[in-house]
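Please read the structure below before turning to the comments.
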Amino acid sequence: MLLTTYYGFTVPQIIAMVVGLLVVIFIFVTIKDKINRKKAETSGDKEAVLNIMKKVVPDLENYVGAYGRWEWTTYQGRSQRTSYWYYGVAFNNERIYVVPLSCEAGDFSYSGSFCIEKKDVAIVNSKKGAAWVELYDMHQKELLSLMVLAENLKDDKYHPVNILQPDAEKAFIEWKDRWMDEINPINNVEVTGKMKQPVKAKKI
């Protein structure tokens, strides 16, 4: 049975070729990841984002500046579509500034910005220690969905930057957890920790 041929190859030969192909793919992905990680250590992407934030937030030294993004997949029947958003953000205990970004051929640009004040947020949906957050107002209207990750590597056109920011991720998680602890109890909200499904208890 093992000597049965398929397109001129025996089963052991086919297995060997598949294993060999998987090894090659693994090596390629590993090398690519190491190259991007090395580039991220000296990349100007992080500086470019912070320079944009300096134009929007005059007293940026009083905030934590970071690169943020969000991606969301919607389904229609058997088809699916993933949308991507890129941001420069600056946050402190009172507010968060958000600057939508675009990155074409390695160059960052922006148009417009907005600021979300802590007093205008009624629901902070996330999980403790997670690097993502959804902010909603008192009518459960979504104000912002955002993740701030320590590693952002240029894998494809949908992930266009090489930015390492472990300190920013840590600060973002601490900021988000603090807002969860301070805002949700005031509004008698128990969140689900599930994306796009914020409220677990009664609506406010």
Side-chain angles (χ1 to χ4, degrees), residues 45-74 82-103 108-152 161 163-204:
D45 292 349
K46 182 178 179 180
E47 183 178 357
V49 172
L50 292 179
N51 284 339
I52 288 175
M53 297 309 298
K54 289 177 183 178
K55 298 176 183 179
V56 177
V57 187
D59 54 341
L60 186 60
E61 64 275 7
N62 295 320
Y63 295 79
V64 177
Y67 168 76
R69 62 183 177 88
W70 188 257
E71 57 186 71
W72 188 252
T73 301
T74 55
T82 302
S83 300
Y84 300 85
W85 297 266
Y86 315 101
Y87 302 108
V89 297
F91 52 89
N92 64 17
N93 194 49
E94 298 305 318
R95 64 190 59 85
I96 179 171
Y97 284 92
V98 184
V99 181
L101 301 173
S102 61
C103 184
F108 287 97
S109 61
Y110 75 101
S111 58
S113 64
F114 58 95
C115 178
I116 300 174
E117 299 284 347
K118 182 179 181 180
K119 61 183 178 62
D120 296 325
V121 178
I123 302 171
V124 184
N125 184 38
S126 184
K127 295 179 179 179
K128 282 296 185 73
W132 65 272
V133 69
E134 295 173 346
L135 303 180
Y136 296 84
D137 68 10
M138 65 181 299
H139 303 294
Q140 294 193 37
K141 177 184 177 182
E142 184 178 325
L143 302 173
L144 176 67
S145 293
L146 177 70
M147 59 178 67
V148 173
L149 303 178
E151 294 186 359
N152 302 272
V161 303
I163 294 177
L164 297 181
Q165 50 178 13
D167 292 342
E169 182 193 65
K170 180 181 178 182
F172 175 77
I173 293 172
E174 292 174 350
W175 167 83
K176 179 266 301 177
D177 285 352
R178 185 165 59 250
W179 273 29
M180 286 183 70
D181 289 340
E182 296 177 358
I183 294 174
N184 291 341
I186 291 176
N187 294 293
N188 193 28
V189 168
E190 184 179 0
V191 295
T192 64
K194 298 178 181 179
M195 295 177 181
K196 307 304 181 184
Q197 302 176 38
V199 177
K200 184 176 181 180
K202 72 175 184 178
K203 298 181 180 180
I204 60 173

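All values below were derived from every heavy atom in this structure, side-chain atoms included, with hydrogens, water molecules and symmetry-related copies excluded.
- The two residues E117 and C115 have their closest heavy-atom pair at OE2-SG, 3.8 Å.
- Nearest approach of A66 to A168, heavy atoms of both residues: CB-CB, 3.8 Å.
- Looking only at distances, a side-chain donor or acceptor of N92 sits under 3.5 Å from a matching main-chain atom of R95.
- Distance alone, capped at 3.5 Å, is enough to place a donor-acceptor pair between the N125 side chain and the G193 backbone.
- Here the side chain of E134 pairs no donor or acceptor atom with the backbone of M195 at under 3.5 angstrom.
- At least one donor-acceptor pair under 3.5 Å links the side chain of N187 to the backbone N or O of I183.
- The side-chain heavy atoms of M53 and Y63, taken from C-beta on, include no pair separated by under 4.5 Å.
- Partners of T73 by side-chain contact (heavy atoms from CB on, under 4.5 Å), not counting sequence neighbours, listed by chain and number: Y75, Q80, T82.
- Residues F114 and L143 are not in side-chain contact: their nearest non-hydrogen atoms beyond the backbone lie 4.5 Å or more apart.
- Going from atom CG of L135 over to atom CD1 of I116 covers 5.5 Å, rounded to the nearest 0.5 Å.
- Within the structure, every pair that satisfies the salt bridge (charged side-chain N to carboxylate O under 4.0 Å, His left out) test and touches residues 165-181, not counting sequence neighbours, is listed here: K128-D181.
- The ring-ring contact (aromatic ring centres under 6.0 Å, His included) check on W175 picks up F91, F172, W179, with sequence neighbours excluded.
- With respect to E94 and K118, no salt bridge is recorded, no charged nitrogen being found less than 4.0 Å from a carboxylate O.
- V124 and V191 make their closest contact through O-CG1, 3.4 Å (heavy atoms, listed as atom of the first residue, atom of the second, distance).
- When all heavy atoms of G112 and P100 are compared, the closest pair comes out as O-CD, 3.8 Å.
- One finds the OG1 atom of T192 at 8.5 Å from the NZ atom of K127 (value rounded to the nearest 0.5 Å).
- R69 is listed as a side-chain neighbour of L149, based on a closest heavy-atom distance under 4.5 Å.
- At a threshold of 4.5 Å between non-hydrogen side-chain atoms, the residues F108 and Y110 do not count as touching.
- How far CG of N93 is from CD1 of I96: 12.0 Å, rounded to the nearest 0.5 Å.
- V99 pairs with exactly one of V89, V57, I52 by the side-chain contact (heavy atoms from CB on, under 4.5 Å) rule, that one being I52.
- Between V148 and Q165, the closest side-chain pair of non-hydrogen atoms falls below 4.5 Å.
- The CG atom of L146 sits 11.5 Å away from atom CH2 of W132, with the distance rounded to the nearest 0.5 Å.
- For the pair Y97/L60, no side-chain contact is recorded, criterion being any heavy-atom separation below 4.5 Å from C-beta on.
- Here the OH atom belonging to Y67 is positioned 6.0 Å from the OH atom belonging to Y86, to the nearest 0.5 angstrom.
- Here the closest non-hydrogen pair linking S113 and V56 is OG-CG1, 3.5 Å.
- Inter-residue side-chain proximity for E142 and P198 is flagged as unmet; no heavy-atom pair is nearer than 4.5 Å.
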